[in-house]
Chemist: 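Take a look at this one; I'll ask things after.
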Amino acid sequence: MTQPVIVLRPDDAGRVAMLHATGFADPWSPAAFRDLLSESTTFGLGAERSGTLAGFILVQTVVGEADILTIATAPDFKRMGIAAHLLKSMITRLGERGISRIMLDVAEDNLAARSLYDGLGFSEDGRRPGYYTTGRDIPVAAILMSRSLAL
């Protein structure tokens with residue numbers, strides 16, 4: 001059964017940062033998440049399972065477009081459809097807010113994320129060679145992707 005999503009607030013910053021640290025070599029601090037979640041242009045959704053933050057997505061909106069800043073799923077909850085559920089919920093909410101396009105970048109070697117984005121209608125717009133370096137022996141390209149939210 002799919003759990004409802006929650007709207008993230010600045011006081012969720014600590015648990016968002018802890019979850020982010022499980023999936024990224026260069027995790028963001030609780031203060032960084034608190035600042036982002038305090039901005040009127042930033043919007044986050046989370047999924048809870050048994051009182052635990054199982055996943056989250058954070059976007060920033062600018063002039064009718066949105067950029068996915070980060071998305072993460074807790075290790076114990078991977079491959080359960082949480083990221084897809086959060087992304088679909090975010091797409092719906094952004095569309096309701098009049099956002100016409102959503103963009104993201106993803107590491108070329110993150111095949112699971114790329115498959116998720118492809119399956120939800122995102123297409124490749126370009127690449128940034130050698131963009132991802134932290135925690136890697138060899139830099140990896142960022143794949144720039146987007147999709148229209150127009151009905």
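Both backbone and side-chain heavy atoms feed into the values below; hydrogens, waters and symmetry mates do not.
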Chemist: Determine the minimum heavy-atom distance between M90 and F43, stating which atoms define it.
Modeler: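 Where M90 meets F43 most closely, the heavy atoms are SD-CD2, 3.4 Å.
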Chemist: Over all heavy atoms of both residues, which pair between A72 and L19 is shortest? Give the atoms and the distance, please.
Modeler: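 Closest approach of A72 to L19, heavy atoms only: O-CD2, 4.1 Å.
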Chemist: From E65 CD over to L94 CG, what is the distance, rounded to the nearest 0.5 angstrom?
Modeler: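 Rounded to the nearest 0.5 Å, the CD-CG separation comes out at 11.5 Å.
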Chemist: Applying ring pair (Phe, Tyr, Trp, His ring centres under 6.0 Å), which residue pairs with at least one partner in residues 128-149 are found, sequence neighbours left out?
Modeler: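 Pairs touching residues 128-149 that pass the test: none.
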Chemist: Less than 4.0 Å between a side-chain N and a carboxylate O, is that true for R34 and E39?
Modeler: no
Chemist: Holding to side chain to side chain donor-acceptor pair (under 3.5 Å), I want the full list of residues that pass it with R114, two or more places apart in sequence or in another chain.
Modeler: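 Not a single residue meets the side chain to side chain donor-acceptor pair (under 3.5 Å) criterion with R114.
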Chemist: Nearest 0.5 Å, what's the CE-CZ distance between M103 and R101?
Modeler: 5.0 Å
Chemist: Which value, rounded to the nearest 0.5 Å, describes the distance between L45 atom CG and R93 atom CZ?
Modeler: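 That separation rounds to 5.0 Å.
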Chemist: How close do V106 and A113 get, counting heavy atoms only, and between which atoms?
Modeler: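 Minimum heavy-atom separation between V106 and A113: CG2-CB, 3.8 Å.
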Chemist: Among D67, I68, L37, which residue meets the side-chain contact (heavy atoms from CB on, under 4.5 Å) test with L58?
Modeler: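 Filter result, single survivor: L37.
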Chemist: According to the interplanar angle, ranging from 0 to 90°, do the rings of F56 and F33 count as parallel (below 30°), tilted (30 to 60°) or perpendicular (above 60°)?
Modeler: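 The arrangement is perpendicular - the two ring planes meet at more than 60°.
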Chemist: Within the side chain of H20, is there an N or O that forms a donor-acceptor pair under 3.5 Å with the backbone of W28?
Modeler: yes
Chemist: Holding to side chain to side chain donor-acceptor pair (under 3.5 Å), I want the full list of residues that pass it with T61, two or more places apart in sequence or in another chain.
Modeler: none
Chemist: Closer than 4.0 angstrom, basic N to acidic O: yes or no for D12 and R9?
Modeler: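 No, D12 and R9 are not salt-bridged.
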Chemist: Specify the closest pair of heavy atoms between D125 and S146, including all atoms of both residues, with the distance to one decimal.
Modeler: OD2-OG, 2.6 Å
Chemist: Quick one: CD on E108 to CG on L111, what's the gap to the nearest 0.5 Å?
Modeler: 9.0 Å
